[in-house]
Amino acid sequence: MDSPFILINLKTYKEGMGSNAHRIAAAAETVAKESGVVIGIAPTFTELHPMSHHYSIPVYAQHIDPISPGAHTGHILPESVRSAGARGTLINHSERRLTLADIDACLQAARRLRLESVVCTNNDATSAAAAALGPDYVAIEPPELIGSGVSVSKADPGIIERSVNAVLGVNPNVKVLTGAGIQSGECVKIAIDLGTCGVLLASSVVKAEDPESVLRDLVSLI
Ligand code: G3P
């Protein structure tokens, strides 16, 4: 089995920008080295290059647009994300929804550029639809629990189980991540015991006074 994967989305939280982003990335690097757990970070676009330049942890974009190089002012070009050092990208995060056709086009761009793809979904039906498009990961995140401080692992383990079954039923090569309210080693353990390969999280680490101690707790039971 692959090493468990924890992906920290810094969103656009002020606690995840500039020197704060560096503090979180440094903590992630330390805990990843000690624990053997893969810990990635998804900073804002302007910090993709500094994060990938200064730290050995994998760096992910929070979004790409389904475009090719050309005249697309204000869009996020997949090639730019790649050349900034990103290992992969989130696609269709709840806070940055796309149409199914755009998700497919983003996945084609990600494959062309060898970017790992993490398609976010909101329920088991959309998890199955996303899996049919062949991403590397599907991340199931019930929107009502995102940023709520209530963990999906404890509040709604059924949605994790159903998403794992839905994804595996469609494409057994797609890995599943669990997200929304993940905050402790226990949440991560439940997610993994239910068949996912890790977690996608934000506020519990980004807004913590001491991100390193939260990360140590997150990896403590796996
Ligand atoms: O992308 C991760 C996210 O949407 C979950 O946020 O704050 O509930 O961990 P949070």
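Counting convention: from 1, in listed order, for ligands and their atoms alike. Throughout, numbering of the chain's residues begins at 1 and tracks the sequence. Keep in mind that what you see is a predicted model, and the values were worked out from it rather than measured. Values reported hereafter were calculated over all heavy atoms of this structure, with side chains retained and with hydrogens, waters and symmetry mates removed.
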### Task
List the atom of Val214, the atom of Ala208, and the distance in Å for their closest heavy-atom pair.
CG2-CB, 3.6 Å

### Query
ligand 1 versus Ile146, non-hydrogen atoms closer than 4.0 Å: side chain, backbone, both, neither?
both

#### Entry: Side chain, backbone, both or neither: the part of Ser203 lying under 4.0 Å from ligand 1 by heavy atom
both

### Message
Is it the case that ligand 1 has an N or O less than 3.5 angstrom from some N or O of Ser148?
### Response
no

### Query
Does an N or O anywhere in Gly147 fall below 3.5 Å from an N or O of ligand 1?
yes

### Message
Under 4.0 Å between a side-chain nitrogen and a carboxylate oxygen: does that hold for Lys154 and Glu186?
### Response
yes

### Task
Output yes when Arg112 and Glu79 qualify as a salt bridge under the 4.0 Å nitrogen-oxygen rule, no when they do not.
yes

Of all the atoms in ligand 1, which lie at a distance below 4.0 Å from a heavy atom belonging to [X]?
X	result
Gly181	8 (O), 9 (O), 10 (P)
Leu200	1 (O), 2 (C)
Glu141	1 (O), 2 (C), 3 (C), 4 (O), 5 (C)

Counting non-hydrogen protein atoms only, what is the nearest one to [atom]? Give residue, atom name and distance.
atom	value
atom 6 (O) of ligand 1	Lys11 NZ, 3.4 Å
atom 9 (O) of ligand 1	Ala202 N, 2.8 Å
atom 1 (O) of ligand 1	His93 NE2, 2.8 Å

[X]-[Y] side chain donor-acceptor pair, cut-off 3.5 Å:
X	Y	result
Ser151	Gln183	no
His63	Asp65	yes
His93	Glu141	yes

### Message
So, using side chain to side chain contact (heavy atoms under 4.5 Å, CB included) as the criterion, who are the partners of Asp124 when residues are at least two apart?
### Response
Ile159, Arg162, Ser163, Ala166

### Query
When rounded to the nearest 0.5 angstrom, what is the spacing between OG in Ser117 and CD1 in Ile91?
5.0 Å

### Query
Does Ser204 come within less than 4.0 Å of ligand 1, judged by its heavy atoms?
no

